[in-house]
Protein chains: 2
Amino acid sequence: MGRRSEHKQRDPDLGILSARLLFSVQKELFETLAEQGHPRLRPRHGAVLGHLDEEGTRATELSRLSGTHKQVIGNLIDELEELGYVERRPDPQDRRAKLIVPTAQGRDQMAKADEIMAAIERRHAEAMGEQRLAVFKGLFREIAERQLAWRGA
Amino acid sequence: MGRRSEHKQRDPDLGILSARLLFSVQKELFETLAEQGHPRLRPRHGAVLGHLDEEGTRATELSRLSGTHKQVIGNLIDELEELGYVERRPDPQDRRAKLIVPTAQGRDQMAKADEIMAAIERRHAEAMGEQRLAVFKGLFREIAERQLAWRGA
DNA sequence: TCCCCTCGTCACGGTCCTTGACTGTCACCT
DNA sequence: AGGTGACAGTCAAGGACCGTGACGAGGGGA
């Protein structure tokens with residue numbers, strides 16, 4: 001193994017580390033969800049279900065929160081509606097808009113997903129100490145925010 | 001804004017934070033590369049260029065390092081060859097294999113990409129203190145490794 | 001020699017994202 | 001009241017991207 005790839009192995013940059021953590025967390029989340037009765041969901045559905053409120057959320061709001069195109073959100077809602085996770089209801093405050101509301105199955109998924117993510121963090125807290133994890137998350141938020149602010153993006 | 005999405009805004013989980021950091025770092029890297037004379041490269045090319053050694057690397061090795069399928073690596077190499085970033089050379093030690101070797105343009109890109117990533121980390125180090133960044137990266141490596149080890153994946 | 005493994009490639013289907021244009025509704029201004 | 005621009009959601013089409021199966025060529029041990 002050459003010098004450059006060897007160095008990258010020892011001291012991976014922020015991008016590599018983020019990618020590794022993101023994909024491994026994603027994998028655990030959706031495999032566990034599949035075992036708990038939600039086998040048809042894929043990571044992309046997280047753009048909708050991950051940002052949904054129990055009282056309902058507008059499609060445009062979901063698009064804004066997740067950074068996904070409106071069109072994609074529309075497709076995801078179609079799929080989730082067919083799978084029985086959400087319903088489209090007219091928004092009483094704006095006749096153009098529709099509220100995306102989770103069904104009972106949707107609320108079950110949301111609760112389970114939140115619990116799985118919490119369990120992942122608890123596992124790390126036990127392994128490394130609660131305080132060190134808290135420090136990490138604080139620094140993580142700070143860095144992610146500053147990086148997002150690059151060029152006022 | 002409802003209670004759940006509000007809470008997720010204040011205390012985003014590890015997946016959300018990883019996604020934000022990954023995509024914003026990726027964006028800065030490739031936009032800056034485009035300004036520095038490499039406008040045709042897209043993030044997916046990182047699977048090849050990011051793990052390449054100056055002396056050359058086998059396609060299978062790139063596949064293993066990046067976690068991408070062999071087939072995808074082959075397509076990427078086709079593109080990068082056409083763009084003048086890499087060359088295919090027969091591997092003297094194994095007539096089945098081919099060494100992927102960066103051209104002068106490829107080595108220029110690799111140096112610039114490494115420098116851009118280093119600049120990103122320097123910027124954070126200046127903003128938050130060198131020591132706190134070092135602590136963060138240490139914890140990051142630890143957590144990412146432990147998460148990857150879930151279920152012996 | 002025979003058998004099984006690895007390396008890279010071809011071909012294919014399926015998933016996914018992006019763009020542009022369109023209808024209906026709203027908010028604002030004159 | 002009417003007119004104008006902005007916004008919500010959808011339809012349609014194209015391209016980018018990924019995963020699978022199968023293959024020829026070569027390697028390496030029994």
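So that the names make sense, note that chain A is the first sequence line, chain B the second, and so on, each numbered from 1. If you're wondering where the values come from, they're calculated on a predicted model, not measured in any experiment.
- Side-chain atoms of A:I73 and A:S66, non-hydrogen and from C-beta on, do get closer than 4.5 Å to each other.
- Counting non-hydrogen atoms of neighbouring residues, nucleotides and ligands closer than 6.0 angstrom, the CD atom of A:E130 reaches no more than 12 such neighbours.
- The residue among B:D94 and B:R42 whose nearest nucleotide of DNA chain D lies closer to the 5′ end is B:R42.
- Separation of atoms CH2 (A:W150) and CZ (B:R123) is listed at 7.5 Å; rounding is to 0.5 Å.
- The residues A:R88 and A:E81 are annotated as salt-bridged, a charged nitrogen and a carboxylate oxygen being separated by less than 4.0 angstrom.
- With rounding to whole Å, A:R64 atom CZ is found 14 Å from D:dC7 atom C1'.
- Taking 4.5 Å as the limit, every side-chain heavy atom of B:H51 sits out of range of all side-chain heavy atoms of B:I100.
- When the C1' atom of D:dG9 is taken as reference, atom CZ of A:R58 falls 12 Å away, rounded to whole Å.
- You won't find any donor-acceptor pair under 3.5 Å spanning the side chain of A:R96 and the base of C:dC26, going by distance alone.
- Looking at residues 69-93 of chain B, you'll see B:H69, B:Q71, B:V72 sit with a heavy atom under 4.0 Å from some atom of DNA chain D.
- OP1 or OP2 of C:dC26 sits under 4.0 Å from a side-chain N or O of A:R95.
- Overall, the helix from C:dT1-D:dA30 to C:dT30-D:dA1 carries an axis bend of 20° between its ends, with five pairs at each end and the value rounded to 10°.
- With a 4.5 Å cut-off on side-chain heavy atoms, B:L76 and B:Y85 do not count as touching.
- Between B:R146 and B:E142 there is a salt bridge, with a side-chain nitrogen of the basic residue lying less than 4.0 Å from a carboxylate oxygen of the acidic one.
- Rounded to a whole Å, the NZ atom of B:K98 is 13 Å from the P atom of D:dG27.
- Not one side-chain nitrogen or oxygen of B:T60 sits closer than 4.0 Å to the OP1 or OP2 atom of C:dT6.
- For A:T103, the side-chain contact (heavy atoms from CB on, under 4.5 Å) partners are A:E87, A:Q105, not counting sequence neighbours.
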